[in-house]
Amino acid sequence: NAGVMQNPRHLVRRRGQEARLRCSPMKGHSHVYWYRQLPEEGLKFMVYLQKENIIDESGMPKERFSAEFPKEGPSILRIQQVVRGDSAAYFCASSPQVDGELFFGEGSRLTVL
Amino acid sequence: TQLLEQSPQFLSIQEGENLTVYCNSSSVFSSLQWYRQEPGEGPVLLVTVVTGGEVKKLKRLTFQFGDARKDSSLHITAAQPGDTGLYLCAASGAGSYQLTFGKGTKLSVIP
């Protein structure tokens with residue numbers, strides 16, 4: 001059973017470009033969470049999704065950030081018009097149930113030049 | 001906003017020594033988790049504690065949840081170089097699925 005798969009592992013973008021980060025949850029997991037880890041900071045909750053539904057996006061900036069988890073395919077975290085402050089490691093986690101154990105992916109490291 | 005304070009922030013010890021790291025908050029949590037994260041990887045769950053005063057052991061690691069469910073400690077006996085990593089505590093409130101993470105304790109065990 002493969003773990004949570006995130007890609008790309010590393011992404012470099014220039015200011016103003018778009019970044020798309022993908023997350024395939026573990027097989028059988030329908031709950032997906034995105035967390036952001038800034039240098040020297042703890043992980044911060046961004047958004048919680050179930051298949052085709054955003055359950056809680058209270059941790060996600062109102063502008064430029066969006067997330068989806070379609071019926072088919074991976075969950076996608078999209079950042080439009082990136083700025084240097086968006087540089088961080090973005091972790092996806094999945095769970096088989098709403099209060100179940102979280103399994104984290106290896107993260108996608110975004111660098112904005 | 002619930003905050004989790006972890007101490008110490010950095011810890012460097014010799015192989016074979018014992019150590020304790022702490023996770024403290026002014027808030028009460030329904031459960032608390034400890035994770036270990038290695039460079040370039042995601043956090044991996046070590047343990048979940050839910051009951052005040054609970055003690056759990058995982059080989060050389062001993063986890064304790066405070067009686068008031070506001071704090072926790074992780075004790076490692078006879079540390080080994082393989083224990084090197086970032087130790088994170090995370091907690092959630094009642095009915096919440098959001099995890100609040102501490103900034104972590106970066107442990108280096110020198111051979």
Side-chain angles (χ1 to χ4, degrees), chain A residues 2-11 21 23-26 29-50 53-60 77 88-111, chain B residues 1-11 21-25 27 29-51 56 58 63 71-72 74 85-108:
Chain A
V4 176
M5 305 299 293
Q6 290 190 246
N7 70 83
R9 292 290 310 276
H10 300 275
L11 183 63
L21 310 177
C23 169
S24 295
M26 287 183 70
H29 289 194
S30 59
H31 301 262
V32 166
Y33 307 79
W34 285 92
Y35 283 79
R36 176 165 65 175
Q37 187 174 39
L38 292 165
E40 308 304 325
E41 295 286 330
L43 286 91
K44 305 288 187 192
F45 169 81
M46 297 183 74
V47 61
Y48 163 42
L49 311 101
Q50 292 181 28
N53 292 306
I54 297 174
I55 307 302
D56 182 353
E57 55 182 350
S58 60
M60 202 154 65
L77 180 66
Y90 292 83
F91 289 95
C92 170
S94 73
S95 175
Q97 58 200 50
V98 65
D99 57 352
E101 177 182 346
L102 293 188
F103 294 83
F104 282 85
E106 294 184 319
S108 291
R109 280 148 188 84
L110 172 65
T111 301
Chain B
T1 303
Q2 299 169 328
L3 292 176
L4 287 171
E5 299 288 338
Q6 289 192 245
S7 61
Q9 192 175 354
F10 300 96
L11 186 57
V21 298
Y22 302 91
C23 175
N24 296 294
S25 176
S27 301
F29 295 104
S30 60
S31 68
L32 189 141
Q33 300 174 346
W34 284 93
Y35 291 81
R36 180 163 163 263
Q37 184 180 19
E38 298 197 42
E41 309 217 346
V44 176
L45 180 66
L46 296 174
V47 77
T48 300
V49 286
V50 296
T51 305
K56 280 191 175 179
L58 186 66
F63 305 85
D71 53 84
S72 181
L74 159 59
L86 179 67
Y87 289 83
L88 298 163
C89 67
S92 61
S96 174
Y97 42 74
Q98 289 189 24
L99 282 180
T100 298
F101 281 84
K103 292 184 181 182
T105 292
K106 200 166 189 178
L107 172 65
S108 296

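None of the values given here were measured: they were computed from a predicted structure. Naming: A, B, ... by sequence-line order, numbering from 1 per chain.
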Worksheet item: With a 4.5 angstrom heavy-atom cut-off, which part of B:Leu99 approaches chain A: side chain, backbone, both or neither?
Response: both
Worksheet item: Shortest non-hydrogen contact from A:Phe104 to B:Pro43?
Response: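 Reported closest heavy-atom pair: CB-O, 3.5 Å.
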Item to complete: Any pair with a residue in residues 85-95 of chain B that passes salt bridge (charged side-chain N to carboxylate O under 4.0 Å, His left out), sequence neighbours left out, goes on the list, sorted by first then second residue, please.
Response: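 Residue pairs passing salt bridge (charged side-chain N to carboxylate O under 4.0 Å, His left out), neighbours aside: none found.
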Find the N and O donor-acceptor pairs between chain B and chain A that sit under 3.5 Å apart.
residue: B:Gln37; atom: OE1; partner: A:Gln37; partner atom: NE2; Å: 3.2
residue: B:Gln37; atom: NE2; partner: A:Gln37; partner atom: OE1; Å: 3.2
residue: B:Gly40; atom: O; partner: A:Arg9; partner atom: NH2; Å: 2.7
residue: B:Tyr97; atom: OH; partner: A:Asp56; partner atom: OD2; Å: 3.1
residue: B:Gln98; atom: NE2; partner: A:Asp56; partner atom: OD2; Å: 2.7
residue: B:Gln98; atom: NE2; partner: A:Ser58; partner atom: OG; Å: 3.0
residue: B:Leu99; atom: N; partner: A:Tyr35; partner atom: OH; Å: 3.1

Practice prompt. Flag the one option from B:Leu45, B:Leu88, B:Leu86, B:Val44 with the top tally of heavy-atom pairs under 4.5 Å to chain A.
Written response: B:Leu45
